[in-house]
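Contents: one structure, followed by commentary.
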Amino acid sequence: MEDPTKLGHNRTGMQMSPLQAEMLQRSAADAAALVETDDLAEGLDQPEATLIAESRREYINEADALGSVPPPGTISGAVKSGMGMLTGMRLQVLIDKVAERMAFERGGTRLYDAALVKVVALARGTPVTIERVKQIRNQEAQHAELLRQALVDLGADPTAQTPCADLVGVQSMGLMQAVTDARTSLPQTLSSLLAAELIDVASWELLSRLARSLGRDDLAEQFDVALEEENEHLTTISGWYEGLLNADAKLLS
Amino acid sequence: MALDIHKSRGTPVANQRFTWRELVQKPISKLDDDAFTRVRVIYMNGLENEALRFQHAAARFNLALRLPLAEIRRVEHHQATLVNWLLGADHSPLETTIAYEQVAIEVTAAMAQREPDEYVAQNMRFGLLEDFDHMHRYSALLDRLEGKDANNILQCYTDIMPGRPTAVEHRAPEHDLRRPFDKASADPLTKLHALSLTAAEQQTHNYYMNIGPLFADPVARQLYAEIASIEQQHVTQYESLLDPSQSLLENWLLHEAMEVYAYYSCVQQESNPRIRAIWERMLDYELGHFAAVSDLFKEHERRDPEEAIGASLPEPLPFESNREFVREVLAAEVDLRANGTEIVPLEQEGESSLAYRKHMNSQGSPSEIVAQGYAWRPGTELTLKVVNA
């Protein structure tokens with residue numbers, strides 16, 4: 001693979017086209033003269049008061065939710081959920097967040113599947129090891145299974161895509177795109193994995209606290225075990241990432 | 001109550017107006033709306049886009065019709081916008097792809113069972129098994145790239161399993177052409193079916209051509225390249241069923257009748273009241289188009305529109321699961337192939353197709369690569385493959 005941070009003919013900046021840039025700026029000045037300066041200043045100072053903001057707000061006011069959390073599909077599930085409801089607990093909030101974590105862990109497993117290929121192809125001579133990446137990948141898959149079992153225990157349908165599970169799919173798309181691109185380097189891949197692990201650690205912490213607040217200490221204890229592993233993932237990935245960046249920077253200096 | 005397409009004049013074209021706000025309404029729910037609401041949205045977008053593209057092409061061949069074509073085409077464009085924008089952005093492009101294949105499977109299966117011309121029906125069953133296999137391949141990709149279960153989109157209406165393997169669907173062009181129906185003797189339903197499937201396959205082809213390059217994953221890019229090629233073959237197949245001797249105006253009339261019939265079918269079966277109201281409005285607009293084109297047909301061709309599309313519309317197209325029918329077709333016809341315009345047993349396949357696909361697949365088959373060892377499982381195949389860390 002080519003050096004991903006080589007110096008070259010990047011054409012996106014204005015300094016690469018001094019003559020054209022000067023003409024462009026003259027045109028821009030003419031166009032700017034037509035804009036009400038008050039409008040511009042107000043938009044920058046009060047972005048919530050612009051026409052764009054107003055239009056978006058109209059849609060927000062009328063919007064439906066992404067969807068709902070499905071009711072338990074089995075009698076035993078209904079009983080389990082019903083017990084929670086009777087104590088005034090909104091069990092479906094927990095179900096939605098457990099389903100969200102499960103969706104993220106499944107996506108995460110596939111993210112590491114893609115990252116593993118990068119490691120096999122590019123990691124020779126670096127501290128990044130295939131064995132550790134595979135271990136992290138398999139732990140992500142195990143976490144997904146743990147969460148699937150938790151959903152069953154909560155009386156929820158583990159095959160349903162809940163609203164937060166749906167949304168986490170939207171949020172993760174950029175990471176998937178960044179890692180699966182054949183052109184992204186090992187450090188660039190690690191940068192995406194770092195983002196995924198940061199999200200994971202914060203989200204497992206939240207999930208564990210939520211389970212405890214709803215009286216499900218049994219689940220919270222299992223979640224804490226996963227959280228510990230996620231913290232180890234974060235340490236590994238951030239360590240590798242920083243190490244590779246430092247090595248790259250020293251080569252350039 | 002049956003709809004009298006020749007008497008209901010619908011909304012006059014001059015009164016068919018939109019605002020930007022109407023074009024961009026709140027989307028359906030990916031999670032809570034019935035999968036067939038999404039099927040109808042995608043299907044109707046396909047028909048609107050066919051209307052649009054046909055009318056653009058028609059304008060290049062007829063000076064006298066350019067103004068009415070431009071007027072009606074403007075409305076078709078905005079109808080397509082309103083309908084297509086009903087899809088929510090929480091569908092990933094690949095999830096939308098799963099929905100497109102569900103449209104292809106369920107709509108084709110519904111038509112194949114009602115098609116009065118056995119030759120046309122056979123061709124529908126032939127295409128059906130190929131789209132059925134695409135579903136299997138894309139489900140594997142969705143699972144293995146995004147970690148998602150295709151059944152969250154399909155809602156258990158449609159099976160996920162191999163059909164005629166995509167790798168053997170690649171045919172030389174001469175084996176994609178079919179015998180056209182005879183405009184004078186064909187049942188109006190045959191005409192509507194052939195045009196509707198041409199439209200549906202064309203939008204699928206266009207969709208894959210647009211979103212294929214949006215994927216970073218080279219295997220996904222390959223799979224879209226491969227299946228887009230089959231969809232292009234399917235457009236060739238279905239459009240070759242259309243009688244080329246139909247006049248431009250007769251063709252236009254058939255397009256408008258197709259849209260009326262499809263919206264009428266949507267109105268009858270829609271479970272979401274807000275979307276049903278949209279279908280009702282679109283039906284009235286299409287009746288307006290049909291009435292306008294009927295007037296042009298009478299004026300320019302001195303013929304009765306009933307000659308072209310019959311006296312009354314057929315019963316609505318059912319939007320429902322066709323699981324049993326698909327399984328029967330799969331069991332009986334998966335090994336059929338094409339030779340010239342005929343569907344033939346495996347060993348009689350046209351030789352030029354064999355040579356063509358041998359070369360196409362000679363550097364690897366994306367559809368085989370992506371689905372290696374794949375079998376759909378509830379909640380993704382990861383539920384099976386948890387290994388010791």
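When reading the values below, keep in mind they use all heavy atoms of this one structure, side chains included, and skip hydrogens, waters and symmetry mates. What you see is a predicted model; the values in this text were computed from it and never measured. Labels below follow one simple rule: chain letters A, B, ... track the order of the sequence lines, proteins then strands, and each chain is numbered from 1.
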Report summary line: In terms of heavy-atom pairs under 4.5 Å with chain A, the winner among B:Arg21, B:Lys30, B:Gln25 is B:Arg21

Report task. Look at atom CD of B:Glu320 and say whether more than 12 heavy atoms of other residues, nucleotides or ligands are closer to it than 6.0 Å. Result -> yes

Requested in this report: Measure from the side-chain N and O atoms of B:Asp32 to the backbone N and O of A:Ser68, and report whether any donor-acceptor pair falls under 3.5 Å.
Outcome: yes

Query - B:Met209 atom CE, over 12 foreign heavy atoms within 6.0 Å - result: no

**Report entry** Lys/Arg-Asp/Glu bridge criterion (N-O < 4.0 Å) met for A:Glu62, B:Arg274
**Finding:** no

Query raised in the report: Hey, is CG on B:Leu214 packed in by over 12 heavy atoms from elsewhere, all under 6.0 Å?
Result: yes

Query - CG on B:Leu31 to CG on A:Leu66, rounded to 0.5 Å - result: 6.5 Å

Query raised in the report: Is B:Pro93 close to A:Met173 at the side-chain level, that is, under 4.5 Å between some pair of heavy atoms?
Result: yes

Requested in this report: Using non-hydrogen atoms and a 4.5 Å limit, figure out which bit of A:Thr162 sits close to chain B: side chain, backbone, both or neither.
Outcome: backbone

Report summary line: Among B:Gly147, B:Ala216, B:Pro378, the residue with the most heavy-atom pairs under 4.5 Å to chain A is B:Ala216

Requested in this report: For atom CH2 of B:Trp85, decide whether the heavy atoms of other residues, nucleotides or ligands shown that lie under 6.0 angstrom number more than 12.
Outcome: no

Query raised in the report: Which bit of A:Glu58 is near chain B, if near means a heavy-atom gap under 4.5 Å: side chain, backbone, both or neither?
Result: both

Query raised in the report: Can you name the residues of residues 193-200 of chain A that have some heavy atom under 4.5 Å away from a heavy atom in chain B?
Result: none

Query raised in the report: Salt-bridged, A:Arg110 to B:Asp143, with N to O below 4.0 Å?
Result: yes

Requested in this report: Keeping the roles fixed (side chain from A:Tyr59, backbone from B:Val24), state whether a donor-acceptor pair exists under 3.5 Å.
Outcome: yes

**Report entry** Sole candidate of A:Val179, A:Asp181, A:Thr180 that passes side-chain contact (heavy atoms from CB on, under 4.5 Å) when paired with B:Asp217
**Finding:** A:Thr180

Query raised in the report: Are B:Glu146 and A:Arg106 ion-paired here, with the side-chain N under 4.0 Å from a carboxylate O?
Result: no

Query raised in the report: At a heavy-atom separation under 4.5 Å, does B:Arg221 approach chain A through its side chain, its backbone, both, or neither?
Result: neither

Query raised in the report: In terms of side-chain geometry, is the basic nitrogen of A:Asp113 or B:Arg144 positioned less than 4.0 Å from the acidic oxygen of its partner?
Result: no

Query raised in the report: Any idea which of B:Gly379, B:Ala89, B:Ser92, B:Ser29 has the most non-hydrogen atom pairs under 4.5 angstrom with chain A?
Result: B:Gly379

Query raised in the report: What heavy-atom pair brings A:Arg137 and B:Leu382 nearest, and what distance separates the two atoms?
Result: NH2-CD2, 3.9 Å

Query - Interface residue of largest heavy-atom contact number with chain B, from A:Gly169, A:Gly67, A:Ser55, under 4.5 Å - result: A:Gly67

**Report entry** chain B contact via A:Ala165 - side chain, backbone, both or neither, heavy atoms under 4.5 Å
**Finding:** neither

Query raised in the report: Would one find more than 12 heavy atoms of other residues, nucleotides or ligands at under 6.0 Å from atom CD of A:Glu48?
Result: yes

**Report entry** Side chain B:Asn152, main chain A:Thr159, donor-acceptor under 3.5 Å
**Finding:** yes

Query - Region of A:Pro163 that comes under 4.5 Å of a non-hydrogen atom in chain B - result: both

